[in-house]
Amino acid sequence: MAVTRDIVAMYRGPGAVMRRKLASGPREDRALATLMAACALVFVSQWPALSRKAYLQGSELNELLAGALFGWIFLAPLLLYGLAAFSHLIAKVFGGTGSWFSARLALFWSLLAAMPLMLLNGLVAGFVGPGPGLNLVGAIWCAVFLWFWISCLVASERSSAGLSA
């Protein structure tokens, strides 16, 4: 299924999408591509807010973009791999039977699937600025991301697919 169709399907049932992704077997290349796409889109979502900040503070936009690029393309993937491992260990404590790969895929895919709301958050941050609108969109994004991540993690830890990775 196409990525966009899977993203739309996540809003109807994240567990079913996760089970379908796990059924294709452990593919670390797909997990890494999903993570890098999500990180690249988070970087893009920050452009409007960084542009606003550069204009209002009189700072250099290129410096702000370089910092965000380094953080999201080089540092965030490492931290997200660690967070996925930690979530798998927590799931194992509660009886999870999934794999390291399934925990990674659950986190990475959830981040990518919640990206439309992250992009909206970036637009609101850039065009409206701080305030109740930005807080509301940010809270909705966080809630949807957590819903996706928990649902996908539960589905992946109950699945027997991908146990070898």
Side-chain angles (χ1 to χ4, degrees), residues 1-51 65-91 96 98-127 134-159 161-165:
M1 196 176 247
V3 172
T4 53
R5 287 187 181 150
D6 280 343
I7 289 173
V8 171
M10 282 287 283
Y11 288 86
R12 284 183 258 131
V17 175
M18 189 69 213
R19 284 187 293 276
R20 187 170 59 245
K21 290 200 164 294
L22 287 172
S24 67
R27 295 275 314 264
E28 192 60 44
D29 58 333
R30 287 188 186 168
L32 182 60
T34 300
L35 173 64
M36 295 312 294
C39 287
L41 287 171
V42 171
F43 169 63
V44 169
S45 76
Q46 292 183 340
W47 290 357
L50 293 175
S51 178
L65 289 173
L69 177 70
F70 179 75
W72 281 108
I73 301 300
F74 296 107
L75 296 180
L78 298 173
L79 295 173
L80 290 168
Y81 265 90
L83 181 60
F86 181 71
S87 70
H88 177 62
L89 291 174
I90 296 298
S99 65
W100 297 100
F101 170 77
S102 64
R104 285 192 300 271
L105 187 62
L107 176 61
F108 302 165
W109 177 248
S110 298
L111 184 62
L112 183 63
M115 201 47 60
L117 292 170
M118 175 61 96
L119 291 167
L120 177 62
N121 187 64
L123 287 174
V124 171
F127 290 110
L134 182 59
N135 292 340
L136 177 64
V137 173
I140 291 170
W141 175 82
C142 283
V144 167
F145 169 71
L146 288 174
W147 168 46
F148 286 171
W149 186 26
I150 291 168
S151 298
C152 287
L153 190 61
V154 167
S156 70
E157 291 295 333
R158 289 183 180 165
S159 172
L163 288 176
S164 62

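Just so it is clear, the values below take in all heavy atoms, side chains as well, and ignore hydrogens, waters and symmetry mates.
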On a heavy-atom basis, which atom in [X] and which in [Y] lie closest, and how many Å separate them?
X	Y	answer
Leu123	Pro48	CD2-CG, 4.1 Å
Val17	Ala9	CG2-CB, 3.6 Å
Phe101	Leu22	CE2-CD2, 4.1 Å
Cys39	Leu80	SG-CD1, 4.1 Å

Applying salt bridge (Lys or Arg N to Asp or Glu O under 4.0 Å) to Arg27 and not counting sequence neighbours gives Asp29
Go through Leu41 and Met118 one step at a time and tell me if the side-chain contact (heavy atoms from CB on, under 4.5 Å) criterion holds. CA-CA 9 Å; Leu41 287 171; Met118 175 61 96; over 6 Å; no
Any residue meeting side chain to side chain contact (heavy atoms under 4.5 Å, CB included) with [X], in chain and number order, not counting sequence neighbours:
X	value
Leu119	Ser45, Met115
Ile90	Phe86, Phe94
Ala49	Ala125
Leu89	Trp100

Does a side-chain heavy-atom distance below 4.5 Å link [X] with [Y]?
X	Y	value
Asp6	Arg20	yes
Leu117	Val137	no
Pro77	Phe108	no
Trp109	Leu35	no

Phe127 meets the ring pair (Phe, Tyr, Trp, His ring centres under 6.0 Å) criterion, sequence neighbours left out, with none
Contacts of Trp72 meeting ring pair (Phe, Tyr, Trp, His ring centres under 6.0 Å) (sequence neighbours excluded), chain-then-number -> none
Interatomic distance, [X] atom [atom1] to [Y] atom [atom2] [nearest 0.5 angstrom]:
X	Y	atom1	atom2	value
Ile73	Phe43	CD1	CZ	7.0 Å
Leu75	Leu69	CG	CG	10.5 Å
Leu105	Leu32	CG	CG	12.0 Å
Ser102	Leu107	OG	CG	11.5 Å
Ser99	Arg104	OG	CZ	7.0 Å

* To do: Give a yes or no on whether the backbone of Cys152 and the side-chain of Ser156 come within a donor-acceptor separation of less than 3.5 Å.
  => yes
Output yes when a side-chain donor or acceptor of Ser110 lies under 3.5 Å from a complementary backbone atom of Ala106, and no otherwise. yes
Just do the side-chain contact (heavy atoms from CB on, under 4.5 Å) check on Leu112 and Val3 with the steps written out, would you?
CA-CA 9 Å; Leu112 183 63; Val3 172; 4.2 Å; yes
So side-chain hydrogen bond (donor to acceptor under 3.5 Å, both in side chains) across residues 73-89, not counting sequence neighbours, yields Glu28-Tyr81, His88-Glu157
Using residues 142-151 as the side-chain source, report each donor-acceptor pair under 3.5 Å to any protein atom, sequence neighbours left out, with the distance given to one decimal.
from: Ser151; atom 1: OG; to: Trp147; atom 2: O; distance (Å): 2.8

